[in-house]
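First the structure, in the form of C-alpha cells, and then the observations on it.
Only a predicted model underlies this, so the values are computations on that prediction, with no experimental measurement involved. Chain letters run A, B, ... following the sequence lines, proteins first and then strands; every chain starts at 1.
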Number of protein chains: 2
Amino acid sequence: MATIGDVAREAGVSPSTVSYVLSGKRAISAETARRVNEAIARLDYTVHLGARALRTARTMTLGVVLRFHHAEFEPAMATYLVALADAAREAGYSLQLITDEDAAAAVGRAVREQRVDGLLLLDVLEDDPRLEPLRRSPFPAVLVGMPPDPGPADAVDLDFAAAAELLVEHLADRGHERATLVRWAPEVYAAGHTFALRFARAAHARAAERGLALVDHDSPTTPEAVRADLADLLGGDDRPSALLVHNDAAAAMLPTVLHDLGLRAGEDVAVVSLHSARLASFFAIPFTSVESAPGRVARGAVELLTSRLDAAAGAPARRLVVPELVDRGSGTGPARATPGR
Amino acid sequence: MATIGDVAREAGVSPSTVSYVLSGKRAISAETARRVNEAIARLDYTVHLGARALRTARTMTLGVVLRFHHAEFEPAMATYLVALADAAREAGYSLQLITDEDAAAAVGRAVREQRVDGLLLLDVLEDDPRLEPLRRSPFPAVLVGMPPDPGPADAVDLDFAAAAELLVEHLADRGHERATLVRWAPEVYAAGHTFALRFARAAHARAAERGLALVDHDSPTTPEAVRADLADLLGGDDRPSALLVHNDAAAAMLPTVLHDLGLRAGEDVAVVSLHSARLASFFAIPFTSVESAPGRVARGAVELLTSRLDAAAGAPARRLVVPELVDRGSGTGPARATPGR
DNA sequence: CTGAAAGCGCTTACAG
DNA sequence: CTGAAAGCGCTTACAG
C-alpha cells in the first residue's frame, strides 16, 4: 500500500506538500498540484485513515450502541441502522456497532479506547445505565429517546406525546367516547422505555381532556401470545369499539386476528395505531396510523452528533420529530359511534 | 486521557515496560508489575486503540458490507447483524458497518483506507460486484452466500441445496406426487441471489429423482402483492395439493391467506417452507420448515475470517451449515395423497 | 529483568 | 509557494 512518502518521492516534492494538496489547506502551484495528483493516481494512493486519526485526534467514526438483546420487536431495528449508516456516511463518518450484554461497560470502553468521536445510543430508557459513564466523563453523545434527565447528552426522538395526541384526537373527532389502549407488555414500561411511557402518558392526558374513556390493555411478550391475546380481547361480547394500538407486534398481528373473527377495521371496530411505514409494508398493516419515521429520527441524531463534534460548545440539544398521521379510514365505526357527535 | 508515557512516569519505569506488562510478552519482576498496575489503575489508563493499530498494522475491526437498500426482506437482516456483532466482539474485534449505493466502491475504499482487517459480505450474488475489488487485490474476506466462483475469498452459508432436498424428501415421503414451488420474485433469481438459485436447482433435481412433479410459481415483489397472489393461487379450482415455499414474505402471509380461504395446512393443502426461526416467531408461521439459522451462519463467518487473519495461508475455505427440519405436521394432506404410498 | 530508540503514516506549526 | 521537523501513542527489535 503506497504511503504519502511514496507519493512525495514519485512527484519529487515533500510529504507535507502532498498532504496540503490533499487537504487544500494552502496554495499550491498548478504545476506541483498536477505532479502530485498524477503520482497519486499512478500509485493508487489513499490516505491511511488510522494514521490521520492518530495525528488529528479524530477517528471520523461514530459508535452506535444497541440494546439488541432486549429489542422488543427486532425488525424495526434494521430500519434505524440503515438510516444511521447512510446519514453517517454522507457526513463523512463511519459507523461502528457497539453491542454488549453490559452496555454501560461497552460505552465506557469505547470512550476510553478512543475508537469513536461520538456515540449514538439507541432505544434509551428513562433511567438508562448507559448514561452513567457519560455523566461521569462527558463525551459527545446523542440519545435516541427522550429520558426525563438526559444529562449532558443531546437527545432526539419522535414526539411520541404528539403522536398519541394526534391519534386520540382522531378517535375523539369521530365520535368515540371510549377506547382501549393496546399497550406493550408491562415489562416495557417497567424497564422505562421512554417511547412507551411518553405515548401512554400523553394519550391518557389528552383522552381526559376530550372526554374519551381510555382503558389500558397490557399485551403479552411474544408475537404468538399477542395474537392469542388479541383474539381474546376482540372475540368476547364486550368487544371494544375502538383500539388505540401502540405495540408493533399487535399492529402486525391485528389484521389476521380481525379477519379470523370476521371483523372489519373501521366498521366493526375502530383501529388507529402508531408504527413505522416500513413495518406496515412488511406486515400489510392497513390502519390509520402515525408513522414513527425512523429515517427522520436517525438522520436527526447523526446531524445533532456531527454538529456537536464540529462545535463542542452549547447547551444540550433536545429535538422532537413531528409525527404525521396517515388516514387509512380505519378510525371510524362501529355504527353507534357516529362521526360528528 | 492518560497515555502510556503518563503511566510510565507515574510508575517510574519506561513506556516499553508498561507495554510489556500489558501484553505479557516478556518477564517482568513482581515489584515492577505491581507498580505499573497501580499506576494504570490510578490514572484510569486504557490503551489508545488507534495508536496500537497504526503500530501493529492491525485495526482489530471487521467490516460488514450490506446490501441494505436491496434487501428483499429486511427483517431478517437485523438477526444477522446481532449474531455478527456478538461473534466479532467475542473474538476481540469491533464491527464496522459499510453501506453504500455503490457497494463495490465501498469495498475498495474500506480496503485502501485500511480501516478494517477483514470484510464480511452479506447476501452475496452469483456475480457480485463486490467481489471484483477483492479479485483485483486480494484482501481477507468471507462471503455469506455461495457463488459459483467465490474467488480468493472464504465463503459460508446455509446449505440451501440440502435444505431443499430435506423438504422435497419430506413431501415425497408423505406420498405427494406433485407440488408447487412458491419462489421469490423473478428479479431475485435474475439478480443472482445464491440462496434462491441453489434452493431452486436442488429442489428440482431431487424432485425429479423422487418422481415428484414440481411446478414453479413466481411470486410478486411486495408483501401486499404476495398475499393477493397466494389467495389467487389457492382460491382456484385447481388448487395445488402441496406447497414448497421458499419466500419469506409468502411464508409470513400464508397463514392469513389459508385462513381467509378456510383451508388448513396439513389437511387441505400440504405446506413446507424454508425460513428463519426468528421470522417464524415474529409472524407466527406454523409450517413444517427448515430453519435458516442466521445465528450459526454469522458465527461461522466470523470464525472463518478471524482464523484467516491469524494465519493468512491456506486455500479458500467453503463452509456449508447443515440445515435441520422441524416437523410441525403441515407436510401431509390432502387426503388423496395418503402417507406411505 | 529493563530501557532508549526507531518507526507505523500522517498533519501542521515553523521557517524560508 | 514549498520543505524539514516534530509529534500523535503506541510496540518491538536492539542492547545491556
Legend entry - Secondary-structure notation, DNA chain D, from Watson-Crick and G-U pairs under 3.5 angstrom (| other strand): |||.||||||||.|||
Legend entry - Within 6.0 angstrom of B:D127 CG, more than 12 heavy atoms from elsewhere: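 Atom CG in B:D127 is not crowded, with 12 or fewer foreign heavy atoms closer than 6.0 Å.
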When you check the phosphate oxygens OP1 and OP2 of [N], does a side-chain N or O of [X] lie under 4.0 Å from one of them?
X: A:K25; N: C:dT12; result: yes
X: B:T56; N: D:dT11; result: no
X: A:T17; N: D:dT2; result: no
X: A:Y20; N: C:dC10; result: no

Legend entry - First of B:L54 and B:S14 reached from the 5' end of DNA chain C, by closest nucleotide: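 Counting from the 5' end, the first nearest nucleotide belongs to B:S14.
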Inset, instruction - For B:E31 and for A:I4, locate the closest nucleotide of DNA chain C by heavy-atom distance; then report the residue assigned to the nucleotide nearer the 5' terminus. - result: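 The answer here is B:E31.
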Look at all strands and tell whether [X] reaches a base, only sugar-phosphate, or nothing, counting heavy atoms closer than 4.0 Å.
X: B:T32; answer: sugar-phosphate
X: B:S19; answer: base
X: B:S29; answer: sugar-phosphate
X: B:T3; answer: sugar-phosphate

What is the distance from [atom1] of [X] to [atom2] of [N], rounded to the nearest Å?
X: B:M60; N: D:dT11; atom1: CE; atom2: P; value: 12 Å
X: B:R58; N: D:dT12; atom1: CZ; atom2: C1'; value: 16 Å
X: A:L49; N: C:dT11; atom1: CG; atom2: P; value: 10 Å
X: A:R9; N: D:dA4; atom1: CZ; atom2: C1'; value: 15 Å
X: A:D6; N: C:dC10; atom1: CG; atom2: C1'; value: 13 Å
X: B:Q114; N: C:dG9; atom1: CD; atom2: C1'; value: 9 Å
X: B:R115; N: C:dC8; atom1: CZ; atom2: C1'; value: 19 Å
X: A:L43; N: C:dG9; atom1: CG; atom2: P; value: 14 Å

Legend entry - Distance in Å, B:T46 OG1 paired with B:I4 CD1, rounded so as to fall on 0.5 Å steps: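 Here the interatomic distance stands at 12.0 Å.
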Inset, instruction - Calculate, to the nearest 0.5 Å, the distance between atoms CZ and OG1 belonging to A:R52 and A:T59 respectively. - result: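 The OG1 atom of A:T59 is 12.5 Å from CZ of A:R52, to the nearest 0.5 Å.
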Inset, instruction - Would you check if there is a donor-acceptor pair between the side chains of A:T194 and A:R198 at a distance under 3.5 Å? - result: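 On atom types as modelled, these side chains qualify, holding a pair under 3.5 Å.
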Legend entry - A:T32 versus A:S29, side-chain donor and acceptor atoms under 3.5 Å: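 Distance-only check passes for A:S29 and A:T32.
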Inset, instruction - Please confirm whether A:R26 makes a cation-pi placement over A:Y20, using NZ or CZ under 6.0 Å from the six-membered ring centre and within 45° of the ring normal. - result: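 Yes, cation above the ring, under 6.0 Å and within 45°.
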Inset, instruction - Flag the pair B:R58 / B:Y93 as yes when at least one side-chain heavy-atom distance between them is below 4.5 Å, and no otherwise. - result: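 B:R58 vs B:Y93: side chains touch.
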Legend entry - Nearest-nucleotide 5' precedence on DNA chain D, B:R52 against B:R26: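 It is B:R52, whose closest nucleotide lies nearer the 5' terminus.
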Legend entry - Given DNA chain D, 5'-ward residue of the pair B:T46 and A:A33, judged by closest heavy atom: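 In this pair, the answer is A:A33.
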Inset, instruction - Give the intermediate values and the outcome of side chain to side chain contact (heavy atoms under 4.5 Å, CB included) for residues A:L305 and A:D154. - result: CA-CA 8 Å; A:L305 187 50; A:D154 298 320; 5.9 Å; no
Inset, instruction - When you get a sec, tell me which of D:dG3, C:dC10, D:dT12 is the closest nucleotide to the side chain of B:R55? - result: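 Closest of the options to the side chain of B:R55: D:dT12.
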Legend entry - Closest nucleotide among D:dT2, C:dC10, D:dA5 to the A:S16 side chain: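 Of all the options, the side chain of A:S16 is nearest to D:dA5.
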